[in-house]
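Encoded as structure tokens, the structure appears first; notes follow it.
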Number of protein chains: 2
Amino acid sequence: MPATPPVSARERARASFTADLLAAARTRIAAEGAAELSLRAVARDLGVSSSAVYRYVDSRDALLTLLIIEAYDEVGTVVETAAASATAADPPADPGTTWLAVGRAFIGWAREHRHSFELVYGTPVPGYAAPPDTVVHATRVWAVLGATVAAAAQRGELGPAALDGVAHGLMSTEMIDAAVRLVGGPVAGPAVPRELVENLVVRTVPLFTTLLGATTAELFGHLHGMTDDHDALLDAVLAAAGASVGLRVPLGGG
Amino acid sequence: MPATPPVSARERARASFTADLLAAARTRIAAEGAAELSLRAVARDLGVSSSAVYRYVDSRDALLTLLIIEAYDEVGTVVETAAASATAADPPADPGTTWLAVGRAFIGWAREHRHSFELVYGTPVPGYAAPPDTVVHATRVWAVLGATVAAAAQRGELGPAALDGVAHGLMSTEMIDAAVRLVGGPVAGPAVPRELVENLVVRTVPLFTTLLGATTAELFGHLHGMTDDHDALLDAVLAAAGASVGLRVPLGGG
DNA sequence: CTTTAGCGAGAGCAATGCTCGCGCATGCGC
DNA sequence: GCGCATGCGCGAGCATTGCTCTCGCTAAAG
């Protein structure tokens, strides 16, 4: 049930081939990493000449960009699902537990899709700056983290944080606007004070950088030889970060 | 005053050329990034043929490894200096302030030497795992962080942390041994209980992952458009991390 | 039915990492 | 002081990459 009738046969063929192309590239990246991705190689995998690929994608970097967007959406879905099933549990998880679940899910995704993680959160590929089309997809993880902090605030469970003193006037107005839109949701409930929203936004930053830093350290070997139980160590890092922004993260005894 | 007499002229020439080679590679990396480093290009810069370079270095990756070690030592020196001048100030900085200074120095180094940061903390280059020769140099940053936490403990200024409950039995014995050696120092003072040392080691982990995550986020554009004052936001992240492991970080009115 | 637009293939260009064989010169052992 | 061996630099060459261009063919559009 396509929105527009089966369009032309050509367009269908084109879409189909593009999908195959992306799939092949994804496979090669999973096997060898983004830096090794060779357009000629995926062309060979597909049984077409290398020049034919250029009918469907502008350049190697453009192909990478497509895959970056895919990866952002993938991890976005993973953390959204983790957060959703935490809050949908019976009894619903408190925000601290949700944060822990989200963090574990993020790290788990990165472990399973190392090269996708590298693609989006690792060293940017040589020449290009992240195209603007990617930022929308990148925000999904941020949104989940922000929602968790906001939920804690709403339940009155948010403790004080070391950053409270400097949070005011820190974020750009655009950022706060975006956050207000998220918190307010589609319905216009009682207005949430901007200062509170800003404070919540600032609190999500350490959560994000912790996710990024912990996962990078884990995957890139900076924790090598330090422990036999990486999961437990990462849990400790997550717990510390959660506590630092006022979440109560239950560790150990469960 | 060489330790061994001027050795042979050949050896001196070899050492000299190797130094030139590294310098040229360093320059090119600073200009274009590690991924773009071309052996042929540095050969051209040096006015020799590309094949001549292979007399001095096994491969492109081996050259990268040499530069990785240099970069580790560079950042190690930077953070050591920052910590030293903080504690040497009058009055000496408390551990929380030292941590802030160390964090700022780390981020500052990364900003000034973006490509060096990418080299050591970014996505590992394609095929190879970090050669064991690099780990010794990598520990210097860890040592500074650990010493800061240890100093706070010694002064009785270390607050409780969310990870206290799970810290025991977390780290490998080798890791704790290494830390004991560091804390004990060259002289054999009163024995520090291993459990305390382990707790201190676990506390340095969030500090390191915060450094890594905050710097990665900053340099790789994940904080884009969120604030106009990146320094202040990063300070907030550092403060949160410090507080989460029991350091008192004075921010704002400081 | 004719024209036009899309598409695939192959050759080709400028690079890359790395190997190999050739000569030259330097320095060590005799 | 001399001769051989070793170190060294060079150029050619191979396989690979991203990307461009031209040539036909085929299928859609008018």
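A note on names: the letters A, B, ... follow the listed sequences, proteins ahead of strands, and every chain is numbered from 1.
At most 12 non-hydrogen atoms from other residues, nucleotides or ligands lie less than 6.0 angstrom from NE2 of A/H224.
Recorded end-axis angle for the helix from C/dC1-D/dG30 to C/dC30-D/dG1 stands at 0°, based on five pairs per end and rounded to 10 degrees.
For a distance-only test at 3.5 Å, the side chain of A/R14 fails to qualify as a donor-acceptor partner of the base of C/dG6.
The closest side-chain heavy-atom distance from B/F220 to A/Y121 is not below 4.5 Å. Annotation: side chain of A/W142 is in contact with side chain of A/V205 (closest heavy-atom distance under 4.5 Å). In this structure the side chain of A/F106 never reaches within 4.5 angstrom of the side chain of A/F208, judged on heavy atoms. Using a 4.5 Å heavy-atom cutoff, the side chains of A/L163 and A/P206 are in contact.
In terms of position along DNA chain D, the nucleotide closest to B/R40 lies nearer the 5' end than the nucleotide closest to the other residue of the pair B/R40 and A/L39. Along DNA chain C, the nucleotide closest to B/S59 and the one closest to B/R55 are compared, and the more 5′ of them pairs with B/S59.
In this structure, B/R28 atom CZ and C/dG17 atom P are separated by 11 Å, rounded to whole Å. The CD atom of A/E36 sits 17 Å away from the P atom of C/dT16 (whole-angstrom rounding). For B/R60 and C/dC18, the CZ to P distance is 8 Å, given to the nearest whole Å. For the pair B/D58 CG and C/dG17 P, the interatomic distance rounds to 15 Å; values are reported in whole Å.
In the region residues 41-54 of chain A, proximity to DNA chain D at under 4.0 angstrom, judged on heavy atoms, holds for A/R44, A/S50, A/S51, A/Y54.
No salt bridge links B/R104 with B/D231; every basic N to acidic carboxylate O contact stays at or beyond 4.0 Å.
In this structure, A/L37 reaches the sugar-phosphate backbone alone: every heavy-atom distance under 4.0 Å involves primed, P, OP1 or OP2 atoms, never a base. Among the protein residues, B/F17 comes within range of no part of the nucleic acid, since none of its heavy atoms lies under 4.0 Å from any strand.
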| query | Checking side-chain contact (heavy atoms from CB on, under 4.5 Å) for the pair B/F17/B/L46: CA distance, chi angles, key distance, verdict? | reply | CA-CA 9 Å; B/F17 184 86; B/L46 262 54; 3.7 Å; yes
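Once you apply a 4.0 Å limit to the heavy atoms of chain B, the touched nucleotides of DNA chain D run 5' to 3' over D/dT6 to D/dG13.
From A/L145, atom CG reaches atom CG of A/L207 across 5.5 Å, with rounding to the nearest 0.5 Å.
For the side chain to side chain contact (heavy atoms under 4.5 Å, CB included) with B/T81, the qualifying choice from B/T77, B/V78, B/V79 is B/T77, the only one to do so.
Closest approach of A/A43 and A/S49 over heavy atoms only: CB-O, 3.8 Å. Residue B/L219 comes nearest to B/A110 through the heavy atom pair CD1-O, 3.6 Å, listed as atom of the first residue, atom of the second, then distance.
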